[in-house]
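Because the structure is predicted, anything quoted here is derived from the model rather than measured. We're numbering straight along the sequence, starting at 1.
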Amino acid sequence: LPILLALLPCGLRNSFQQAVFNAFPEYADVENPKVIIEGNLNYEKSLFTSIDHLTSMDELPDIFISSDINGLYHKRFQDKFLNATNFEAFTLDVHPIFKKANYIHPDGLMVWFTTNLLVLVVDAKKMECRPIPESWLDILDVSFAGDLTLRGDTDFFCNAMFFPFMKSTGDEAIKKLGRNTAKGLHPSQMVKTLNSGNEGGTSIYAMPYSFALKVRDTNRFKIVFPVEGAIVSPVQMLVKKGTYIKHKPLIDYILSEEMAVVLAQSGFPAAHPASENKLPSNALKWIGWDFIQKNDIKACKELMQQLFFSEFKGGMESLEDESRKK
């Protein structure tokens, strides 16, 4: 096993890897990697599924960084493995925007040093007489039927996007998202579509803020931080009990002000209290630990995907009729 396995959001992987290998050149050996830093999507369906079948702590690296509301949030892992016997507990001072969102794990076992933020990018040219959405709930309106692009593909869509809708509005919200979604794309494909003129594209894209910053025509394409805040797709670090001292320089660097600068420059707000975090809005929309602890997250995910796909694809004729009646 490597010392560190980091499965990061695609927009953070390269800058994080470069920073770590510059600070610790001894870990940059590709022939015998002790530190592996990859994009999360490569492991979404493989490694995170295996967490559901974890039998021993020996199967995890000393330092495990991952993103999204993945298998670590499932009831089995939370009940069986996530405790102070297995993992180091960290008590860290954090930036005010993270405090306000109650983003920090109540027992300090899952350590957040950043988050992947989901925002809206709106094509003002395609909005016609419709107002630019101000709230996440605005994109559920029937006027946006088949006019929304989300992070996903033909058979899987981003769970982090769905959870706040499930929590605040319930099943119907997920169905309306399915109805209004035309397609799922990787964020890099979204940026490519927008930067090439958005011909045949949708009016609204929900994407990570780090990718939204790469959209060139800022007069036409507006980045919208909804009033409730950007949706938090978490990035978490677990450190095995008894290994912090052994890897102290590396872990301290990941949590440092120096790394906070790298994160912020890549479009990822840092939890470090000294970070500037120059965001258009200081509100973060996080589902919170009460929701995670009171719900079976794995069952929620399965239900949300089922609800979404029950309305995604087809059904456009009835929607056009409904829209005409309004």
* Report the relative orientation of the aromatic rings in Trp112 and Tyr103; use parallel for angles under 30°, tilted for 30 to 60°, perpendicular for over 60°. => tilted
* To do: Give the ring-plane orientation class for Phe162 versus Phe157, where under 30° counts as parallel, over 60° as perpendicular and anything between as tilted.
  => parallel
Examine distances only and state if a side-chain atom of [X] and a backbone atom of [Y] form a donor-acceptor pair shorter than 3.5 Å.
X      : Y      : answer
Ser256 : Met259 : yes
Lys183 : Asp153 : no
Asn277 : Ala270 : yes
Asp141 : Ser143 : yes
Asp296 : Cys300 : no
Asn282 : Leu279 : no

According to salt bridge (charged side-chain N to carboxylate O under 4.0 Å, His left out), does anything in [range] pair up with another residue at least two apart or in another chain? List the pairs.
range            : value
residues 251-264 : Lys248-Asp252
residues 187-209 : none
residues 99-116  : Asp93-Lys99
residues 278-289 : Glu276-Lys278

Donor-acceptor pairs under 3.5 angstrom involving side-chain atoms of residues 132-140: please list them, not counting sequence neighbours.
from, atom 1, to, atom 2, distance (Å)
Ser135, OG, Leu137, N, 3.0
Ser135, OG, Glu228, OE2, 2.5
Trp136, NE1, Gly229, O, 2.8
Asp138, OD2, Glu134, N, 2.9
Asp138, OD2, Ser135, N, 3.0

Name all residues meeting the side chain to side chain donor-acceptor pair (under 3.5 Å) criterion together with [X]; count only those two or more places apart in sequence or in a different chain, and write none if there are none.
X      : result
Ser203 : Arg130, Asp147
Tyr209 : none
Thr218 : none
Ser233 : none

* **Qualifying side chain to side chain donor-acceptor pair (under 3.5 Å) pairs with a residue from residues 8-25, counting only residues at least two apart or across chains** => Ser15-Ser266
Return a table of donor-acceptor pairs under 3.5 angstrom between the side chains of residues 79-86 and protein atoms on other chains or two or more places apart.
from, atom 1, to, atom 2, distance (Å)
Asp79, OD2, Lys75, NZ, 3.4
Asn83, OD1, Thr85, N, 3.0
Asn83, OD1, Asn86, N, 3.0
Asn86, ND2, Phe81, O, 2.9

* Which atom names give the shortest non-hydrogen contact between Asp58 and Lys240, and what distance separates them? -> CA-NZ, 4.1 Å
* Closest non-hydrogen atom pair between Met166 and Leu307, with its separation -> CE-CD1, 4.0 Å
* Asked: Do the side-chain N and O atoms of Asp155 and Gln305 include a donor-acceptor pair separated by under 3.5 angstrom?
  -> no
* To do: Check side-chain contact (heavy atoms from CB on, under 4.5 Å) between Glu59 and all other residues, then give those that pass, not counting sequence neighbours.
  => Leu54, Thr55, Ser56
* To do: Verify the ring-centre separation between Phe21 and Tyr27: is it less than 6.0 angstrom?
  => no
* To do: Inspect the contact between Lys298 and Asp52 and indicate whether a charged nitrogen and a carboxylate oxygen are less than 4.0 angstrom apart.
  => yes
* **For Tyr205, the option from Val119, Val122, Thr193 that meets side-chain contact (heavy atoms from CB on, under 4.5 Å)** => Thr193
* Do the side chains of Val224 and Val121 get nearer than 4.5 Å, heavy atoms only? -> no
